[in-house]
2 protein chains.
Amino acid sequence: MVLARLILGLLCLSPMTGYELKKHFDSSINHFWNADKAQIYRTLAQLVDKGYATVRTVAQSNYPDRQEHHITEAGREALVQWLSAGAVQSPERDPFMGQVFFAAELERDEIQNLLEERRQATQYTLDDYLSQREGIDMRAAADRRSFLMAATLDHAIRQQAAELEWLDAVLEYLP
Amino acid sequence: MVLARLILGLLCLSPMTGYELKKHFDSSINHFWNADKAQIYRTLAQLVDKGYATVRTVAQSNYPDRQEHHITEAGREALVQWLSAGAVQSPERDPFMGQVFFAAELERDEIQNLLEERRQATQYTLDDYLSQREGIDMRAAADRRSFLMAATLDHAIRQQAAELEWLDAVLEYLP
DNA sequence: CCGAAGTGGGTGCAAAATCAACTATGTGTG
DNA sequence: CACACATAGTTGATTTTGCACCCACTTCGG
C-alpha cells in the first residue's frame, strides 16, 4: 500500500528501473522507509497491471537491458489522491521499547548494557543522517520540493537526537 | 517474533487470557506496539505449542470460560534470552514522512493542511500519553520495573513533542 | 587471471500482519 | 423490549514483508 505510493512518488521524479528504486530506498529514503528488492519488483509489476506505470525496455551496450518504469497520468492521479486524502496515522511500533518495558527481568548491569548498546547505535544513525544532511545544497532548498525532502531528513535527525537525550536520562536515573 | 516476546513479557507479569492481553496492547502498550486480536490468539497458541506457556481453563459463573495462559520456565528463559541478546535495531518506518517527501505534488495550501492535520493528531496523541503519565504513581517508579515501564512512556512523549516542534518549524519555513 | 563487486532482473516460500466475519452469553440504558 | 456494549474466543482470506536463492554479464583491483 504505502510502498506502492512511495514508488509512484519516485517514478514521478524520474523514470526508473527497479534496481535504481532499490538504491533510492537504501540512500535517500532510508530515514523513513526501507524495502526489499523482491517487494519492489513485485509492486512495480502491480503498478503496471493497474495502469499506474508503463515499462520501456532500454537496451544498453555493456549492461543488461533496463526495464525503465514510467509513471502514467493515472499513476500521478493516484499519488495525488493519496496525498490529498489527509495525513496518514500509523501506530507506533518499536521493538526496542518492548525490550526496555520488560528489561526488569535482567540484572541492573545488563539493562545498562542494553541501553548503552542502543545509545551507540542511535549515535551512529544520527551521524549518518547528519552527514547526509551536509550533502544537501541549502540554496536548492528554496524550492518547495527540495525543502520538503530535506525536512523529512531533519525529522529523522530530531527523532534520533530526542532518543539520545532520552537514553541519557534513563541511564542517569535508572534505579 | 516481536509479538511473541511481548506476550511472554506480559504473561511474566501475571497469567492472562487473550482478551486481557488485547486490552493491555490497547492501553499500557499502545505507545510502542499494537496487535490485532486474531494475531494475539494465534501467537498464544504458538507459545503453548512451543512449551513457552500453558493454558488453564477457568470457569466463570456468568461469563465465558477464561483460557488463562501461564508462562512456563522455558518461556521465561526465552524472554530473558531475547533481552540478553542485545538491543534490537529496527528500520525507521513512517508513512507520513513519505507523504511529506512527495508533498510537492500538491499546492502550497494543501501541503499546509496536511501538516496541520498531522499537527492536530500529534497533539492529541501527546495529550493522551501525558494523561497516561499522570496516572503513574511516581513513588512506585522507585522500583526498577515501574521505572522502566514509565520510561517507555516518557520516550513516546519525547518523540511526540519532538514531532510537534518539527511540524511547527516546517510550517513556519515552508516556501 | 581470479575473484569481488556492480548492473539488472527474477522466483519460491514462509512468517507476520490485517480485515472481516461469526459464535455465545451477560449487563446496562433508553 | 430493543440495542449497544463487554466478556471470551475462533476462522478464513488476503496482504505485506522478509529471507534465501537463482540467472547473466561487466568492471575493477590485486
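Every chain is numbered from 1, with letters handed out A, B, ... down the list of sequences.
- Listed pair A:Y63 / D:dT26 fails the phosphate criterion, with no side-chain N or O lying under 4.0 Å from OP1 or OP2.
- Side-chain atoms of B:E117 come within 3.5 Å of backbone N or O of A:A87 as a donor-acceptor pair.
- For D:dG9, neither phosphate oxygen OP1 nor OP2 lies less than 4.0 angstrom from any side-chain nitrogen or oxygen of B:Y19.
- Under 4.0 Å is where a charged nitrogen must lie from a carboxylate oxygen, and between A:R145 and B:E105 at least one such pair does.
- Judged purely by distance below 3.5 Å, without hydrogens or angles, the side chains of A:R108 and A:Q112 pair a donor atom with an acceptor atom.
- Rounded to whole Å, the distance from CG on B:D36 to C1' on C:dT18 is 6 Å.
- The aromatic rings of A:W166 and B:H155 sit perpendicular, their planes meeting at an angle over 60°, well past the 30° parallel limit.
- Below the 3.5 angstrom threshold, one finds a donor paired with an acceptor across the side chain of A:R42 and the base of C:dG12.
- Residue B:K23 places at least one side-chain N or O under 4.0 Å from the OP1 or OP2 atom of D:dT7.
- The side chain of A:N62 places no N or O atom within less than 4.0 Å of a non-bridging phosphate oxygen (OP1 or OP2) of D:dC25.
- Protein atom CE of A:M1 is 13 Å distant from nucleotide atom C1' of C:dC19, rounded to whole Å.
- For C:dG9, the OP1/OP2 oxygens have a side-chain nitrogen or oxygen of A:T17 closer than 4.0 Å.
- Distance CD (B:Q39) to C1' (D:dT10): 15 Å, rounded to an integer number of Å.
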